[in-house]
Structures are given as structure tokens and as C-alpha cells.
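This is a predicted model, so every value here is computed, not measured.
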Amino acid sequence: MKTDELRERYLSFFETKGCVRRPSDVLVPRWDPSVLFTPAGMNQFKDHFLGRCKLEFTRATTCQKCLRTNDIDNVGRTAYHHTFFEMMGNFSFGDYFKRDAIHWAWEFLTSPKWLAMDPERLSATVYLDDDEAAGIWINEIKLPSERVQRLGEDENFWPANAPSQGPDGVCGPCSEIYYRTPWGQVEIWNLVFTQFNRVGVPPDNLRPLPSKNIDTGMGLERTASVLQGVESNFHIDILRPLVEAAARVCALAYEPESESGRRMRRIADHVRACTFAIHENVYPGPNKEKYVVKRLLRRAVLDGRQMGVREPFLHKLVPVVVEMMAHPYPELGDTAERVARGIKAEEASFLDTIDAGLDRIERIFQQMRRDSRGIVSGEEAAEMYQTHGFPPELFESMAAERGLAFDWPGYEEAMRQHGIESGGGQRLELFGTRSPLDALKKAVHRTQFLGYETTEVADAKLIGLIVNNQLCDQVEDGEHEQPIVVVLDKTPFYGEMGGQVGDKGELVAPGIRFEVVETHVDGELTLHRGHLRQGHLTLGATLAAKVDAARRQGIRRAHSATHLLHYALQKHLGKHAQQQGSKVDQDLLRFDFANP
């Protein structure tokens, strides 16, 4: 099914359910000071949800053009991340609620008249305490209970963690729908049930709303990739031609698994986003939404330059964007020449300084290697921005490609000392918060876990060090107040997850002893938290990682006991007795289960 057909089918389906079809709102909602770009389909209905305007309708459906930058560093590297994307949605303002939302979603997905997806490939998640949604899926839709998973407030509540962490205000549980592809599970639809008003801290802080609402979001590109049987959103019919056009203007072949392939996908994404933004008169500039456009274009220019392109080329892709998006957004054709001129001007401006900037950055990296230094200093980043116009985000990306971290607080301070506005608060608003751990994740990517084979690794390399919430190259004993975070290239330590506590133990070398008091996993990194009891730690040092083996055995016994208990419950109570959660510690377990 073509993407344009999918978009039209979705809107038509919900019109048959009494929803009013509304056009996409603008990408840059200047009427809403709380956002720079439209982040979701519900944005144009904020006043409807909050009861601030007279309702001309109580049901609506849209396909909204959106732009988000929080996941910008994943664009091109993963199959499903974009800056610009389209979100299909259906909404209820005190009208239909949970039962209809779930039944209609299932009908649209599985009916031969609509998408005709294989029901056996679909599964759902619900909020841990949402018995109503779980009952609808299992008892009415007849989705097998093993394909309905209950998850906590961090995964299946909007806003995430609202019950325990806030903010106060309208909130509710959600139910996500997944489709199983040959490449794994893909989330294609999120149904949000806004039914509570959060007031204060737990317990009993979720007050039922007198008027319950529905806010759903189905990713157009993700769903198209599922229906078209392709592994990546970038290979659907409205994006693959743009990626291949990027390859042509770079005079290269598109090889999806190569680094150049990742750069071409990023170029395609960023040009599409900037075409829509400049169409709405948001040109590259130093502030707010203009800075986003500037940053996206300069990242794409840098990608081209790193593939050997030395002349402006992004503007040549604007006609392809216009062609691919002509059906839903024919107005793009009216401004195509103006948009291309704006993009070309920004390209030329950056290309004037990029070669000198790249030479300077390479010298910085060489000096860092000579000094065995793993963190780009704030002063170096500030110099690159002031002298060569290199946005710090680009410098950080280049550093990460070489396994180097970036000192954001140092950059902010260096800019302040030079009497220049760093845009620090703006950067957090536009691109999300950048903690030391975020910077580390970009630089070192992953820890190899060896804990299933052994409890000791003799030659682990220290690749990340966070002391007092700052990235560091080294630390002496007695220099830290809070627990230190150590990241290794490989580890036998199991990080806390899935209700099972993490390992304890020590990291040692001649004259060095680091006590690991807890282990966590964040993304693909294993974080060893603890205290330096003797000696000093330095990036690149080789350490022996030793797990407390006796404690590990106690945890294993408790873990095995949860499986035995689950088996016994299902044998005596029936297959409907499903595990809902557990806590596994040394010779201690808690087992939660549902017995409807």
C-alpha cells in the first residue's frame, strides 16, 4: 500500500465513525508560545482538550506534519527516527472513549476493507493498573492474554511517570499497539486515554475527569514501512527516492549499511524538514526555530563534505521533496524556488569556513590523542563556534564518531566568559537535556556484557568516568562526594532490570580498588556505581572486574524461584494467571500476578 493511500484510508475510516476531518495544522505554530514546532497531532486541539473554546465537534481526525529534535542524533542510524514526520490521529472531546478507541483501532488494522493486517502479528501493551483496557483487549477483541503486556507508568502513561513525578494536570494511561515484522516488534499506534487530573503527590492523587478524552497517534512512516515490507522508514515509497537522490547529488551509490548510507538518510530527513520549515518562512538563524533549521542544514552540509562534496548540493533536493509530498501538500510547489534559494545561501555560508574548521577540529583531536584526553573542552568548542561557525552539536557529533565525549557545561561557561550568549537554555529546549551520561552514550555506544559466561573479566578497559555529575578523564580517591559512575568496554556485572537487582563487586588493578555498590543499564551501557577506595582511575586504564559471586548465586536462586512459582500458579489456577511484575534480590523475591 502506498503511503498516500494509507493516509487517505486512515482519514476516511474515521470519517465513517463520525470524526470531522481537519487539515494538518502549520508546522510552526506561532500562536502557541509553548512549542517551536508542532510536536504531535493533538497540538491544534489543546483548547478543545482544556475546555477553553466552544466545541463545534466532539470527534476529529487529522494527519499532522510534525517536527521533533529530541532524537536528532538517532536520525539516519535507526530505522524509525526522524525530525520531520507525519502523525495520523483520531480524537474525542468528551465523546467516545476507551472501548470505541480500541475496537476501531483493531477494525482499521485487521479488516480486509482497510489495512488487512495479520491479527497474529499484532500485540498490545496497557498500563499496569488499567484493567478496563486489558479486559477490552482480552475479552472483547480476543487478543490472547500473552500478547497483552502490562507496563509501568514510565512506558504506558501520558505524560510518562505522571502519577509519581508529575506534573499536575490532565493525564491518563495509554495502550500501544505493536506489529511483529521479520526485523522485530514495531510500535505503530498509541492510544492515550486522558481520564485523570493529577493533584499533588501519591497516593490517591489521580482524580477522575468529568469529561474523558481520546488522543491517539499512528506514525504514518512507520505504518507504511510495515505495510510495504521494508526494514526502514527511509525505504518507503515517499522517502527512498529522496535518499537515492541524495546519493546521486553526492555522486555515490546508496549502500544502506555503510556510513555513507547513514549520512544520506540523515541528509534526506534534514532537507525534508527544512523544506517544510522554510516554506513557512522560518529561515536559518541564531535563535529558536531558526537555529533548528540552521543546525539541520549545517549537519547535512557536513555529511556531504565528509563524503567528498565541496559545492552546495542540498538545494538540488528540494524538487524531490516537493514531488514526494505533492499529494498531501501541493502548496509546497508554490515556494519551491524560494526554499531552494534559502537553503543554497546557508550552504554557501557554511562552506566558506568549513574546511578551515575541519582542519582545526582534526588538530584538536590529534592533540587529545597525544594527551590521552577523552573529553572535548568547552573552550575548544566555544572557539570553533565563534571563529568557524561550527554549531557545538556538530562538534559533539564529530567527537562521538571518534569515541570522544563533549563538555557541555564547560562550553556554556566559556561562552559566558567571552561575553557571548551561548544559547544554552535554548539548546536544552530545542535538542533536549544533555547530561554527562548522554554525552558518554554518544561517544562509547555500548558495553559488551559477559556475565552469562563468567563473573570475572581480567582486562576490562575504562572508557567512561562520571564524577560529581561531570565527565572526567581521571579521579583520585577522596575527590568525590557522590558515587562515581564507571563505564567499561566489557563487563561481567549484570545491571538491574526487569525487577532483578544488579550485581555488586569490585574493579581492581595494582594500587587501585573501586567498590561497585550497584549496577544499572542505560541504553547499551552498563553503569558501575560506587566508591574509589584506593588509588586513582584514568580513562584507558585496564581493570579486573570481579562480581560478588556468592551474592550472584543467591539472586539466581530467587530468579529461578519466580519461574517455578509462575508455573505452579498457572498449573493450579489456569493459564489466565499472568505475571505482572516481580522483584528479585539475594535469596528474596516478590511476585505480582493477576488472577481475573
Side-chain angles (χ1 to χ4, degrees), residues 1 3-25 29 38-51 53 55-66 85-111 113-117 119 122 124-127 130 132-133 136-137 140-141 143 156-159 170-179 186-195 209 211-224 226-227 328:
M1 182 182 295
T3 305
D4 287 341
E5 182 182 359
L6 168 61
R7 186 191 297 107
E8 179 58 33
R9 283 200 183 191
Y10 183 94
L11 297 171
S12 297
F13 172 81
F14 281 100
E15 282 185 307
T16 70
K17 303 302 182 184
C19 293
V20 174
R21 183 191 295 213
R22 297 288 296 172
S24 171
D25 197 11
T38 299
M42 60 78 63
N43 203 69
Q44 68 169 295
F45 300 117
K46 277 185 176 180
D47 288 344
H48 294 73
F49 282 122
L50 297 173
C53 64
L55 294 178
E56 298 178 359
F57 48 83
T58 56
R59 303 180 179 190
T61 185
T62 67
C63 186
Q64 173 66 47
K65 50 183 182 280
C66 304
F85 62 97
E86 293 182 79
M87 182 69 77
M88 301 180 291
N90 56 285
F91 309 91
S92 167
F93 317 112
D95 194 324
Y96 68 87
F97 194 52
K98 207 170 289 187
R99 174 168 282 102
D100 286 333
I102 292 174
H103 275 272
W104 293 348
W106 188 256
E107 179 185 353
F108 179 66
L109 292 172
T110 62
S111 169
K113 182 180 178 181
W114 299 105
L115 298 191
M117 287 186 177
L122 292 166
T125 64
V126 298
Y127 177 52
D130 194 351
E132 181 184 4
I136 295 169
W137 280 116
E140 299 180 23
I141 301 298
L143 196 62
N156 274 73
F157 210 91
W158 181 88
V170 174
C171 61
C174 60
S175 180
E176 296 170 337
I177 303 174
Y178 289 80
Y179 186 85
V186 179
E187 179 194 337
I188 56 175
W189 210 339
N190 188 13
L191 317 178
V192 180
F193 315 123
T194 50
Q195 63 187 89
L209 289 170
S211 178
K212 298 176 173 61
N213 303 317
I214 290 292
D215 165 18
T216 87
M218 174 185 254
L220 176 72
E221 292 86 355
R222 285 193 183 196
T223 309
V226 165
L227 294 171

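Residues Leu109 and Tyr179 fail the side-chain proximity criterion, which asks for heavy atoms closer than 4.5 Å. Residues Arg59 and Asn90 form no side-chain contact, since every pair of their non-hydrogen atoms from C-beta on lies 4.5 Å or further apart. Using a 4.5 Å cut-off on side-chain heavy atoms (C-beta onward), Leu122 and Trp106 make contact. For the pair Glu140/Ile102, no side-chain contact is recorded, criterion being any heavy-atom separation below 4.5 Å from C-beta on. Tyr10 has its side chain out of reach of Thr223: every pair of non-hydrogen atoms, C-beta onward, lies at least 4.5 Å apart. Under the 4.5 Å side-chain criterion, counting only non-hydrogen atoms from C-beta, Val126 is not in contact with Pro173. Inter-residue side-chain proximity for Thr38 and Met87 is flagged as unmet; no heavy-atom pair is nearer than 4.5 Å. Residues Asn213 and Phe91 are not in side-chain contact: their nearest non-hydrogen atoms beyond the backbone lie 4.5 Å or more apart.
Shortest non-hydrogen contact noted between Asp95 and Ser92 is N-OG, 3.0 Å. The nearest pair of heavy atoms linking Leu227 to Leu6 is CD1-CD1, 3.9 Å. Minimum interatomic distance between Ala40 and Gln64 (heavy atoms only, all atoms of both residues): O-CG, 4.0 Å. For Thr110 against Pro119, the heavy-atom pair with the smallest separation is CG2-CG, 4.1 Å. The shortest non-hydrogen separation linking Trp137 to Ala124 is CE2-CB, 3.7 Å. Contact record, Ser24 with Cys63: CB-O, 3.2 Å, taken as the closest heavy-atom pair.
Separation of atoms CH2 (Trp104) and OH (Tyr96) is listed at 6.0 Å; rounding is to 0.5 Å. Note that the CG atom of Asp4 and the CG atom of Leu220 stand 8.5 Å from one another [nearest 0.5 Å]. Put simply, NZ on Lys98 and NE2 on His103 are 13.0 Å apart, with the number rounded to the nearest 0.5 Å. In this structure, CH2 in Trp114 is found 6.0 Å from OG in Ser12, a value given to the nearest 0.5 Å. Put simply, OG1 on Thr194 and CD1 on Ile214 are 6.5 Å apart, with the number rounded to the nearest 0.5 Å. Taking CZ from Arg22 and CG from Leu11, the interatomic distance works out to 12.5 Å, rounded to the nearest 0.5 Å.
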Evaluate the side chain to side chain contact (heavy atoms under 4.5 Å, CB included) criterion for residues Glu56 and Val20: first the C-alpha distance (whole Å), next the side-chain angles of each, then the deciding distance (0.1 Å), finally the verdict.
CA-CA 10 Å; Glu56 298 178 359; Val20 174; over 6 Å; no
Show, in sequence, the C-alpha distance, side-chain angles and deciding distance for Glu132 and Phe193, and conclude whether the side chain to side chain contact (heavy atoms under 4.5 Å, CB included) test is met.
CA-CA 11 Å; Glu132 181 184 4; Phe193 315 123; over 6 Å; no
Should Asn190 and Glu176 be marked as a side chain to side chain contact (heavy atoms under 4.5 Å, CB included) after you check the CA-CA gap, both sets of side-chain angles, and the distance that decides it?
CA-CA 4 Å; Asn190 188 13; Glu176 296 170 337; 3.4 Å; yes
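Listed by first then second residue, pairs satisfying salt bridge (Lys or Arg N to Asp or Glu O under 4.0 Å) with a partner in residues 214-224 read Glu221-Arg272, not counting sequence neighbours.
Between Phe93 and Phe45, the ring planes lie tilted relative to each other; the angle falls in the 30° to 60° range. Between Trp189 and Phe14, the ring planes are perpendicular. Angles over 60° get that label, and only those under 30° would be called parallel.
A search for salt bridge (charged side-chain N to carboxylate O under 4.0 Å, His left out) contacts involving Asp25 returns nothing, not counting sequence neighbours.
No side-chain donor from either of Glu107 and Ser111 sits under 3.5 Å from a side-chain acceptor of the other.
Here Lys17 does not pair with Asp100 in a salt bridge; the nearest charged N to carboxylate O distance is not below 4.0 Å.
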